[in-house]
Novice: 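Okay, handing you the structure first.
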Amino acid sequence: MPISKRLLLGLGLATFIMESVVIQPALAADKVSLFKVITTRDEIVIGISEGDLAQIEGQNAGGVAKMLVAKGSMSVWQYAVRKNAGGDLEQSPLHKIGLIASDSLRVEPYATPLKVLPIDESKK
């Protein structure tokens, strides 16, 4: 049974509108930039929200390193890979940690192909 072009167009438009309504709140959430912090002992991945990163000079790894050295310490969210309910891997905030400046510290941007979850400030 052939589907009319109008019906197909209508279904496509309805799907697009529904996706826009569902996706908009997700896009409104604060995006998170990931950085890898490396010391002589270990390395961790941290996440800084777009709002917090806007307050850092340069809004990049160099700015994060400068801020850490200037302040001596800072609180950030540690990120880790986990499986979501559907079984897909994603980068998720693990817990809030304190970073202390040290001479053997390096901060670099961290790129991931995984979905990065926003920081939930209510879990502080």
Novice: For Lys66, check salt bridge (Lys or Arg N to Asp or Glu O under 4.0 Å) against everything at least two apart and list the hits.
Specialist: Glu57
Novice: Taking the side chain as every heavy atom from C-beta outward, state whether Thr39 and Ile44 have any pair of such atoms under 4.5 Å apart.
Specialist: no
Novice: Enter the distance from Ile48:CD1 to Met74:CE here, rounded to the nearest 0.5 Å.
Specialist: 4.5 Å
Novice: What closest approach, in Å, do Ile56 and Val64 show between heavy atoms, and which atom pair accounts for it?
Specialist: CG2-N, 3.7 Å
Novice: Please report the interatomic distance CD(Gln78) to CG(Leu94), rounded to the nearest 0.5 Å.
Specialist: 5.0 Å
Novice: How many angstroms lie between CD1 in Ile119 and NZ in Lys31, if you round to the nearest 0.5 Å?
Specialist: 14.5 Å
Novice: Could you tell me if the side chain of Val37 sits less than 4.5 Å from the side chain of Glu43, heavy atoms only?
Specialist: no
Novice: Minimum heavy-atom separation for Gly47 and Val32, please, with both atom names.
Specialist: CA-CG1, 3.7 Å
Novice: Could you list the donor-acceptor pairs under 3.5 angstrom formed between side-chain atoms of residues 109-116 and any protein atom two or more places apart in sequence or on another chain?
Specialist:
unit_1: Thr112; atom_1: OG1; unit_2: Leu114; atom_2: N; d: 3.2

Novice: Is there a path of hydrophobic side-chain contacts, each under 4.5 Å between heavy atoms of I/L/V/M/F/W/Y residues, joining Val107 to Ile97?
Specialist: yes
Novice: Closest heavy-atom contact between Ser75 and Lys96?
Specialist: CB-CE, 3.8 Å
Novice: Going from NZ on Lys71 to CG on Leu99, what distance comes out if it is rounded to the nearest 0.5 angstrom?
Specialist: 11.5 Å
Novice: Look up atom OH in Tyr79 and atom CD1 in Ile46, then write down how far apart they are to the nearest 0.5 Å.
Specialist: 10.5 Å
Novice: Could you check if a side-chain atom of Arg82 sits within less than 4.5 angstrom of a side-chain atom of Leu117, using non-hydrogen atoms only?
Specialist: yes
Novice: Looking only at heavy atoms, what is the nearest atom pair of Phe35 and Ala61, with distance?
Specialist: CE2-N, 3.5 Å
Novice: I want to check something: taking the side chain as every heavy atom from C-beta on, are Asp88 and Glu90 in contact at a cut-off of under 4.5 Å?
Specialist: no
